[in-house]
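Let me begin by presenting the structure, written as C-alpha cells, before commenting on it.
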Amino acid sequence: MKFSALLRSSSALWTAPVWGGIVAFYFFYALHFEDPYEEVIGGPLWAAEQVSSALNYFYAFAYAITLGLASWEGGRLKRDRVWDLAPSRARWRVVGQALAPAAGAGWAILLLPVTMRLIETRLLPTTTAVLPLAMGMGIVCAYAVVGCVLGHVAPRAIAAPVGAVATFYVISKSSTYSDPLWPRHLSGQLSTSVAFGEYYSPATVLLPLLVAAAVAAAVAAWWSRGPRRVPLRLLATATALATLVLSARTASGWGVADGPVTAGHAPARCAGTAPRVCMAEAGGAVERLDDVRAEVTGSLEKLRAVGVDVTVPSTVTDGLLYERGSTRPRSTAATWWLPLTAQAEAAGPGSGIVGVRYAVMLSSVTFPCSIPTSFDPGTSNAWVVNRDAAVLWAAHAVDAQDPYLRWRAGQYDQIANGPEVLAKVRERAANGLALPTAAQRTAWFEQEKAKACRLVPKRAGSGPAASGSQGADS
C-alpha cells in the first residue's frame, strides 16, 4: 500500500484535530501561563533550556497517543487477517508501514512545541540542545511497537483507550516518585531541568531510551514467530532485565530532580584587563558590559581609597554562565563569580548598577576568621553588630548601603531583638564614618572586624574566610 493511502486510512490522521488541538492549547496557554511571552523572549535565552521547557508538558502525551494509535492499528492488522492474506510479506515490514503514521503522530507532538518555541525565541539549536527531543522520538518508536503487540493480544476498542490512559498516568506520576528514585529518571519524562549554559549529559537521555528500547524489543520477541523464537525470547528478556537493573542502579544515585548535566557552555563576551570582566553573550544585558566593568573597577578603586585591603581579581565572571549554584565554581582570589547580568537587568538602561557595586563590596570585605552563615539561637550573636557595622561602613564607600540594609533587615527577623540590632549596626557604622581622618576610619574598620572575630563562638571554626560571593553573604 502506498504511504499516502496508508495515511488516509490511518487513525493518526482522523484523530489529528484532537491531539493537534491539545498540543496548541498547552503550548499557547500552559507554557505562556507559566512564563509570559515578554519574559520568554526577554532572556536570558538558551536553546537547550527552551527545548527542555517546551517538551516538559508533552512527553507523557506523546507516548500515550502513540501507544493508543499503535494499538488500534495493530488490532486492525489482526482484524483484516493481513498475515493470512499475505504470508510471504515480511512481518516487520508490514508492521513498520502500519505503525509509521502512529509514530509520526508522536513525533509531531514533540516536534511542534519545540519548533514553535525556537521560532518565537529566534534561537538556532545545537545538536546537543535537541538531545531530549531525540530521546523522546526514540521512545515514541518503542511505544509504537508495544502498542502494536497490545492491539494483537487484546480487543483494540479496549486496548487503545485503556493503554493510552494508563501510559499517560504512569509517565506523569513518575515525576513524583522519590522512593525509589529511578522511575522518575528512566520513564522518559525528564524530571531534570537544564539551566542557562547547561546541556543534559549523555547518561540522562540515553538511559531512558535504552530501557524503552530493551522493553520494546522483548515485547516484540515474545510476539514474533519463527523456528528460533524461543532462544530469541529468552535473550531479549534477559537483555531487557539487565538493562533495567543496571540503569536503575545508575539512576538511583542521582538527585530527586537533579540528573547529570554539564554546565558552562554558554558563550561569554569580555572586556578589559585587571580585572577582565565577562558577561553571558546571550544573557540579555551584554550591551551594558562596559557599564558593568566601569562599576566593578570604580568600586574597587573606592574601596581601596577608604582603606579596604582589596586583592584585585584577574577576572570577574558573570554568575549566569553557571546559573545553577551547585555547578558553579567557587570564587577565588583570582576569579570572582558575581551576578552581573541579573544586576544589570534589574538596574534598567541608563542608570547606575548598584547591584554590581554591592556584589563587589561583599566580595572585597574579608575577615580574618570564619564568620557563621546564619544566626544560631543556641549561641551568642554578639558578633553580628561589629561584623555588620564594618560591612555597612564599606557599603557606604560604594553607595550600596541600601541593598545591604534591606537584605540584613530580613535576616534580623531570626533574632528576637532584630530592630534593636539594626539600630546598633547603623549607629556604629555612622560613628565610623564620622571619624575625622582617613587613617582613623580605616583603623576603626579593622578594629570592628577584629572584634567581630573575637566574639564569634569558638565552635564556628577558625581560619580566613570571606564575606560576600566567597563567603557568608553569597
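The first residue in the sequence is number 1, and the count goes up from there. Just so it is clear, the structure is predicted and the values come from calculations on it, not from any experiment.
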Side-chain heavy-atom pair [X], [Y] within 4.5 angstrom cut-off:
| X | Y | result |
| --- | --- | --- |
| Trp336 | Thr317 | no |
| Asp402 | Val354 | no |
| Ser299 | Val356 | no |
| Pro275 | Thr297 | yes |
| Tyr358 | Trp407 | yes |
| Val391 | Met361 | yes |
| His185 | Ser247 | no |
| Leu150 | Leu67 | yes |

Taking [X] for the side chain and [Y] for the main chain, is one N or O donor matched with an acceptor at less than 3.5 Å?
| X | Y | result |
| --- | --- | --- |
| Tyr57 | Pro113 | no |
| Ser363 | Val360 | no |
| Thr243 | Thr239 | yes |
| Thr66 | Ala144 | no |
| Ser331 | Trp337 | yes |
| Ser314 | Ala334 | yes |
| Tyr404 | Ala394 | no |
| Ser53 | Gln50 | no |
| Arg156 | Ala70 | no |
| Arg357 | Val398 | yes |

Test side-chain contact (heavy atoms from CB on, under 4.5 Å) applied to Ile109 and Val140, Ile65, Ile22, the passing residue: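 Going through the options one by one, the only one that passes is Ile65.
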Calculate, to the nearest 0.5 Å, the distance between atoms [atom1] and [atom2] belonging to [X] and [Y] respectively.
| X | Y | atom1 | atom2 | answer |
| --- | --- | --- | --- | --- |
| Leu13 | Leu69 | CG | CG | 11.0 Å |
| Glu287 | Arg269 | CD | CZ | 8.5 Å |
| Ser193 | Asn56 | OG | CG | 8.5 Å |
| Thr335 | Arg276 | OG1 | CZ | 10.0 Å |
| Trp182 | Ser187 | CH2 | OG | 10.0 Å |
| Leu206 | Ser201 | CG | OG | 9.5 Å |

Verdict with supporting geometry, Phe27 and Leu112, side-chain contact (heavy atoms from CB on, under 4.5 Å): CA-CA 9 Å; Phe27 181 82; Leu112 285 174; over 6 Å; no
Verdict with reasoning, Thr237 to Trp222, per side-chain contact (heavy atoms from CB on, under 4.5 Å): CA-CA 9 Å; Thr237 302; Trp222 280 93; 2.7 Å; yes
Pairing residues for Phe196 by the ring-ring contact (aromatic ring centres under 6.0 Å, His included) criterion, not counting sequence neighbours: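 Checked Phe196 against ring-ring contact (aromatic ring centres under 6.0 Å, His included); matches are Trp46.
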Salt bridge (charged side-chain N to carboxylate O under 4.0 Å, His left out) against Arg324, all qualifying residues, sequence neighbours excluded: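 With neighbours one apart ignored, the set is Glu198.
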Residues which pass salt bridge (charged side-chain N to carboxylate O under 4.0 Å, His left out) with Arg288, listed by chain and number, not counting sequence neighbours: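 Only Asp291 meet the salt bridge (charged side-chain N to carboxylate O under 4.0 Å, His left out) criterion with Arg288.
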Smallest separation among heavy atoms of [X] and [Y], with atom names:
| X | Y | answer |
| --- | --- | --- |
| Arg184 | Ser174 | CB-O, 3.0 Å |
| Leu320 | Ala280 | CD2-CB, 3.9 Å |
| Ala218 | Ala240 | CB-CB, 4.0 Å |

Between Gln189 and Ser172, a side-chain donor and acceptor under 3.5 Å: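 On atom types as modelled, these side chains do not qualify, holding no pair under 3.5 Å.
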CA sep, side-chain torsions, deciding dist, call: Ile139, Tyr59, side-chain contact (heavy atoms from CB on, under 4.5 Å): CA-CA 9 Å; Ile139 295 176; Tyr59 285 119; over 6 Å; no
Verdict with supporting geometry, Glu295 and Gln343, side-chain contact (heavy atoms from CB on, under 4.5 Å): CA-CA 11 Å; Glu295 294 282 15; Gln343 297 302 334; over 6 Å; no
Mutual orientation of the aromatic rings belonging to His265 and Tyr199 [parallel < 30°, tilted 30-60°, perpendicular > 60°]: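 It falls in the tilted class, 30° to 60°.
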